[in-house]
Amino acid sequence: MNESLNQLTTAIKAGKRKDARAATAAALEAGLPPQSVLDALTEGMNDVGVRFKANTIFVPEVLVAARAMQKSMDLLEPVLIASGIEPEFSIVIGTVEGDLHDIGKNLVMMMLKGANFKVIDLGVNVSAEAFANAVAEHKPDLVALSALLTTTMPAMESIVCDLSRIEPPIKIIVGGAPITPDFADQIGADGYSADAASAVELAQKLCANAQ
Amino acid sequence: MQYAAEYIGSNYGTFASDYRTLVHANIACAEDFGFDQLSTISDPYRETQGFGAEIIYHENGVPECVRPPFADIDEVEELQAISLPDPEQAPRMQDRIDAVRLYKELTGDRYSIMGWVEGPAALAGDLRGLSDFLMDLIDEPEYSACLLDICADTAIRFARIQINSGADTIGIGDAICSQISPMVYNELIWPRQKRLMDSIKAIGGKTRLHICGQTEHLWPKLRELPIDLLDCDHMVDLPKARAALPPSVVLGGNLDPVNDLLYGTPSTVAAKLEKSMSEAGPNFVVNAGCEIPSGTPKANIKALCKPRLRKC
Ligand code: B12
């Protein structure tokens, strides 16, 4: 692999934003294919996801890695678009109404971006109406809902219920510490995953099946 | 908190903004259910308001901090220029001191009175914005150390006045620590928690540490803190915690506030309790690993307190 691509993967893994930016700039200046830069970045984020899942790194390390990825993306995105490599899938994400926890949602969002999803982030405390409006406006392939409080699980249920009336049908995935696969089933969500790394696999699987 | 407020027909917003409601609600619950300790906790933003943040109260929700007051303070020099709030001038800190005084006036020595401070990491997250603070821990250690010192100093001041006003114990809420690696915790957070606890002990207070979630990865260093009571959330393995922590540390726990208390029955609560008590051995107090949710059946809380009453 090219030296600057190696450096990019290493910078993402270590959460070094300046190094990530410099390595991305070097790779692009050297005329490397933008897809290979994206792959190097994704490799770094995948490694971060795996180590987070295994408890060898914690939330702060993932946040700095995600920020480094964003710095690289800022340079890479226009080049990707110019060369016709646009994200294949898009996803609308938010924390449900009444809930202000957003660290988990942000990690899921960053991992999805790292896997080249277009992510539309609605933030926290998002109502069913705001989700429905975003679906109408952006026509995403998926909607992702996060909830960290048992008291906001009913809000998740009613959002899923409201969104299930939309035509054409939209796929919905759910997550957050108190959510279980059974609850996800019960409220009619299309998928659940326990952490950010598996959220990416889940999203990829659902989007691929829909094609 | 919300439970206690609703128990006397009030609401969370009033509970968090008026010490009289907090005191009356908690005394009513303590008397009816047989709790041993009266608490002053309501939400994380007492000290944050002392640093100038605007707080909005919601009738049935946790108070909201409009914007973290240190969101734009990026340099150590700027931090060093900040003066600490005076707990007797900052309205929400004063309100907590008033709660301690009113408890003492109304109940004398009948209950343990627990004052409360935000732990160094929790307060740093409240002041700076949580995600920014967590990232600073990794790439701005010098800034983080300075911010954590400000937070520990604030907690020391606030704890001292609460003890002088009648609190025998100071609860320290440092929830976010469960999400931090042992290395970062040991280097940046532990020394400030130690300084805070040492100063509480030096003036005769007892220390209670509350960290939400799994804390096992922190025990090797946590065990060196002068903790009197350590809350264990429901995911903590009690026998393991007992083996890892000094026998003098009282463990508190470890029912799941939601699955055991909100959705359980008196008999499932009793069974879970027997299990916790046998696993934890002596030096154990019963509590829900975290906050008891609004809507919990009264009979379940009675069941939570029952074995303890039998022993007294
Ligand atoms: C940080 C925190 C806060 C911060 C939040 C700051 C922020 N910007 O997010 C603050 C201080 C504001 C806060 C407030 C409160 N909190 Co809080 N908080 C926590 C804490 C310590 C960590 C949560 C966290 O960030 N975890 C780390 C992330 C990475 O994990 P995660 O969110 O689960 O996300 C992962 C997966 O679940 C999954 N995932 C997440 N979302 C999604 C979405 C999809 C689609 C998918 C597929 C996957 C997925 O992927 C993520 C990455 O792997 C937990 C306790 C703990 N230690 O877990 C309590 C906790 C969540 N809080 C709790 C409570 C009760 C509250 C308050 C009500 C407390 C109060 N009375 O003041 C308020 C509520 C405010 C509100 N209206 O939302 C309780 C919830 C109990 C319950 N089950 O209902 C907890 C569990 C503490 C406890 N033990 O009681 N809190």
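In the text below, chain A, chain B and the rest are named by the order of the sequence lines, each starting its count at 1. Both backbone and side-chain heavy atoms feed into the values below; hydrogens, waters and symmetry mates do not. Because the structure is predicted, anything quoted here is derived from the model rather than measured.
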Exercise. For B:V62, is it the side chain, the backbone, both or neither that has a heavy atom under 4.5 Å from a heavy atom of chain A?
Worked result: neither
Seminar exercise, completed: NZ (A:K16) and CG (B:D139) are apart, to the nearest 0.5 Å, by 7.5 Å
Tabulate below the donor-acceptor pairs under 3.5 Å that side-chain atoms of residues 85-102 of chain A make, not counting sequence neighbours, or state none.
| unit_1 | atom_1 | unit_2 | atom_2 | d |
| --- | --- | --- | --- | --- |
| A:T95 | OG1 | A:H101 | O | 3.1 |
| A:D99 | OD1 | A:H101 | N | 3.1 |
| A:D99 | OD1 | A:H101 | ND1 | 2.9 |
| A:D99 | OD2 | A:L148 | N | 2.8 |
| A:D99 | OD2 | A:L149 | N | 3.2 |
| A:D99 | OD2 | A:T152 | OG1 | 2.7 |

Exercise. Mind checking what makes salt bridge (Lys or Arg N to Asp or Glu O under 4.0 Å) contact with A:D19, not counting sequence neighbours?
Worked result: none
Problem set entry | More than 12 heavy atoms from other groups under 6.0 Å of CD on B:E78 | yes
For this session: Against chain A, label B:H58 side chain, backbone, both or neither, depending on which of its atoms sit under 4.5 Å from a heavy atom there.
Result: neither
Exercise. Is the shortest heavy-atom distance from the side chain of B:Q179 to the side chain of A:I103 under 4.5 Å?
Worked result: no
For this session: Assess whether atom NZ of B:K272 is packed by more than 12 heavy atoms of other residues, nucleotides or ligands within 6.0 Å.
Result: yes
Problem set entry | Sequence neighbours excluded, every pair satisfying side-chain hydrogen bond (donor to acceptor under 3.5 Å, both in side chains) that has a member inside residues 134-148 of chain A | none
For this session: Could you list which of residues 53-69 of chain A have a heavy atom closer than 4.5 Å to any heavy atom of chain B, in residue-number order?
Result: A:F58, A:V59, A:P60, A:E61, A:L63, A:V64, A:R67
Exercise. Contact part of B:I138 toward chain A, heavy-atom cut-off under 4.5 Å: side chain, backbone, both or neither?
Worked result: side chain
